[in-house]
Structure formats: C-alpha cells, structure tokens
Protein chains: 2
Amino acid sequence: MTAARDQIIETACGLMESQGFHATGLNQIVKESGAPKGSLYYYFPQGKDEIAEAAIARAGSATAQRITASLAELDDPAKAVSAFVGAIAHHVEASGFRSGGPLMTIAMETAATNTRLNLACRAAYQQFQAAFEQKLIASGFSAERAAALAVFILSAIEGGIILSRTYHSGDPLRRVAAELGALLHAASRR
Amino acid sequence: MTAARDQIIETACGLMESQGFHATGLNQIVKESGAPKGSLYYYFPQGKDEIAEAAIARAGSATAQRITASLAELDDPAKAVSAFVGAIAHHVEASGFRSGGPLMTIAMETAATNTRLNLACRAAYQQFQAAFEQKLIASGFSAERAAALAVFILSAIEGGIILSRTYHSGDPLRRVAAELGALLHAASRR
DNA sequence: GTCTATACGGTGATAGAC
DNA sequence: GTCTATCACCGTATAGAC
C-alpha cells in the first residue's frame, strides 16, 4: 500500500510497455519513478523479475477493466468492439507510438525464456479474452462462439497494435476496427 | 558472400526471433554461429545495429517468399490463407514456442527507440502485406479491398502468434486460421 | 525505510599481433 | 581475415551505515 512501491510498479509498467523488459534497467525505473533509491530491493527482494511480475499484473487487470468498461458503453457488440479498437488507435498515435499493448513486448520476450513472467502474461491475456467473451455472451452469442470469437478479436487487435506501432500510423488499427465491426455485425445477424 | 558473414546473420535471426534484440548478445551470436570470433566487427563495422538490420532484412525477405509460396499452393484464397496460418501454428508448436513471427519482438522493442531498426521492420512487414495483397488481387478482389484485407489478415496472424506463444498452445493460431478462412470465403462470394 | 557505496558479471566496442 | 586481449561502461544485486 505504500506510495513508493506503487510508484515503482507504475513506472515499470510504462517503461516496459514502450521499451520491453530487457531494455528497461532498474536504475532507470528508480530515476524515472522518483521513488527512494535504496528501497528497491526492500520492496522487491527478488529483484527485477518480481518487479516485472507486479507490473504485468497491474497492467493486466487495469487493461482488462478498461476493456470491460469501454465495451459497456455501447449495446451493439459490433459497434462496441469497433469503437474500442478505434480508441486504441488514437491512444497509440497520441503516445508517439510508444504506448499500446502494454504486455506485448514482455510477452514475446519471455514466452520461452522466463516461465514466471510468461505465466503472468498468460493470466493477463486470459483476462482480456474473458472481457470480450463476456460482452459477446451478454449480446446473445453462444458460450462456445463467444469464446472462439474472443480469441480472434484479441489476436486481431494485438496484431493491429504491432503494425500501427511499427508503421507509425493508426491506420492498421482502424482497419482492424472496421473489419471486426463488419464481422461481428454479420455474425450477430444470424 | 562469405560464409562466415552469412552464418552470423542467420544465427542472429534465430536468436532475436526467440529472445528479442536486447536479450541477444554479440558474444552469444559468435559462440552459437561458430563463426570466427574476431571477424564480427570486420563484417559489421557499425556493430550490433548493423547485424540486426541485416538479420531483419534476411528474415523479412525469406518470410515474404515463404508466404507467397505457401499461398500459391491453393487457388482458393480462403483455403490458402487458412492453410498457411495452420502451418504457422504447427511451426510454433514444434519449436517449443520459441519461434514464429521472426520480427515481432524486435519490431516492438524498437518501434519508438531505434529508427534504423524500425525502418527495417517496416519494410519487412510491407513485404508480408504485399504478399497477401497480391494473392487476393489474383483471386479477383479489387485492389482497394485486397489492400485493406491484407492489413487485417496480417494483424490477425501476428496477434495469433503472440497468443499462441504466450499460451504455449497452437489453438489461438488455429482459431485465427478458421475465422480468416470463413471471412475470406464469405468475402469472395460477393 | 532509505541512503550511499560497491561488488561482480556481462555488454558492446577497440587495439594490435599474426 | 582472424585471433586474443582489453577497454570502458552499464547491468543487477548486495552490504552496511543511518
């Protein structure tokens, strides 16, 4: 509950989102967070992995809540997903393509090299997936179809973020928004 | 054209695909490649960035060719894309989730922090995109629609690779294969 | 709890012999 | 072309004072 610990986690989230895990140094976290320098290993005795794990958990649940909240703003699931992805496009652009997909880089870096962080990322993505799934179920999709579509939606969004960040343009994400909207519109008319 | 230089590039591709850019050390590249140690800065005077740039270019054109070749095996674009993505799923699983999406990690790591590598990744992704685009055009899609769909297809695949690698399961990619197949099937019936 | 100082390893990069 | 030796630096992690 201490503010210093929380500051460390928060800035670790931001730095790892834009740079990845390996490029983010502990010194950088301490400096940028303004947290007391000597307290890093007091709050996180297990070092960098423990900090990253906390950052992943934090970014994961925060993002999951944001997905749920955004999807709740529109009844129509097609329009809700499309609007959500459009908002991401804007966010990625506004950040100078430094932000968006808070866990993607860490997830890729650690998928096969760090089981602890891999499991943390996995848990977070499952939360994202569940958020889409529940929206679809609430919109009348069968549980089975909702689960399948949630995976596909999440895939398209994550991939769109990659392309938008490397192209330095929100267009790929806007394309994903349009296609997912059309797909869900057609699927819900059955 | 020398074999040593080529070996360095090739193993740099593999290591950066599974670990990312920052986690891959030059010593590791030299050791794993078996290339003569002292020749690293002889072939790549500009150091790590130059090696990574060459690795990205190599992986990029190799992958683009593989996409084109795979899509050419089936006439029906829906089935061709679906089969291609299914093959990726198998490849990701067979590699122990260390491989797949050769440029994704580097692309995310460097999108906003290293313009040189960012541009290299961008060029590579545009090749991938063009490969899908041309298949769709050859299948009767309008140029406009083909370009839009290519971005979406590439996004879904890249995102599916992320999920499959972090979940340690080929299922997300197989889901992407099925949904893209259905989408393209419906789109081509217009 | 927080500080400063430091140990220790690995990194990218360079120099100079052969 | 390739080798070995070495540089300066930065990374994580630790020790011990306050």
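Naming convention: chains lettered A, B, ... in sequence-line order (proteins, then strands); numbering from 1 in each chain.
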Euclidean distance, atom [atom1] of residue [X] to atom [atom2] of [N] [Å, nearest integer]:
{"X": "A/Asp49", "N": "D/dA13", "atom1": "CG", "atom2": "C1'", "value": "13 Å"}
{"X": "A/His22", "N": "D/dT12", "atom1": "NE2", "atom2": "P", "value": "10 Å"}
{"X": "B/Tyr41", "N": "D/dT4", "atom1": "OH", "atom2": "P", "value": "17 Å"}
{"X": "B/Ile29", "N": "C/dG10", "atom1": "CD1", "atom2": "C1'", "value": "15 Å"}
{"X": "A/Glu50", "N": "D/dT12", "atom1": "CD", "atom2": "C1'", "value": "14 Å"}
{"X": "B/Phe44", "N": "C/dT14", "atom1": "CZ", "atom2": "C1'", "value": "18 Å"}
{"X": "B/Leu26", "N": "C/dA13", "atom1": "CG", "atom2": "C1'", "value": "9 Å"}

TODO: Give, for atom CD1 of B/Ile56 and atom CD1 of B/Ile106, the distance between the pair rounded to the nearest 0.5 Å.
DONE: 4.5 Å
- [ ] For the residue pair A/His168 and A/Phe97, categorise the inter-ring angle as parallel (less than 30°), tilted (30 to 60°) or perpendicular (more than 60°).
- [x] parallel
Open item on the list: Would you say A/Ser33 and A/Gln7 are linked by a side-chain donor-acceptor pair, where the criterion is simply a distance under 3.5 Å?
Closed with: no
TODO: Examine the side chains of B/Glu17 and B/Ser99 and answer whether a donor and an acceptor come within less than 3.5 Å of each other.
DONE: yes
Open item on the list: Between the side chains of A/Lys135 and A/Glu73, is the shortest nitrogen-to-carboxylate-oxygen separation below 4.0 Å, so that they form an ion pair?
Closed with: no
Open item on the list: Looking at C/dG12, I'd like to know if its phosphate oxygens (OP1 or OP2) sit under 4.0 Å from a side-chain N or O belonging to B/Asn27.
Closed with: no
Open item on the list: Using the rule side-chain contact (heavy atoms from CB on, under 4.5 Å), only one of B/Ser142, B/Ser188, B/Pro77 pairs with B/Leu136; which is it?
Closed with: B/Pro77
Which atom pairs link the protein and nucleotides 2-6 of chain C when you take only N or O atoms and keep those under 3.5 Å?
from	atom 1	to	atom 2	distance (Å)
C/dT2	OP2	A/Tyr43	OH	2.9
C/dC3	OP2	A/Lys37	N	2.5
C/dC3	OP2	A/Gly38	N	3.2

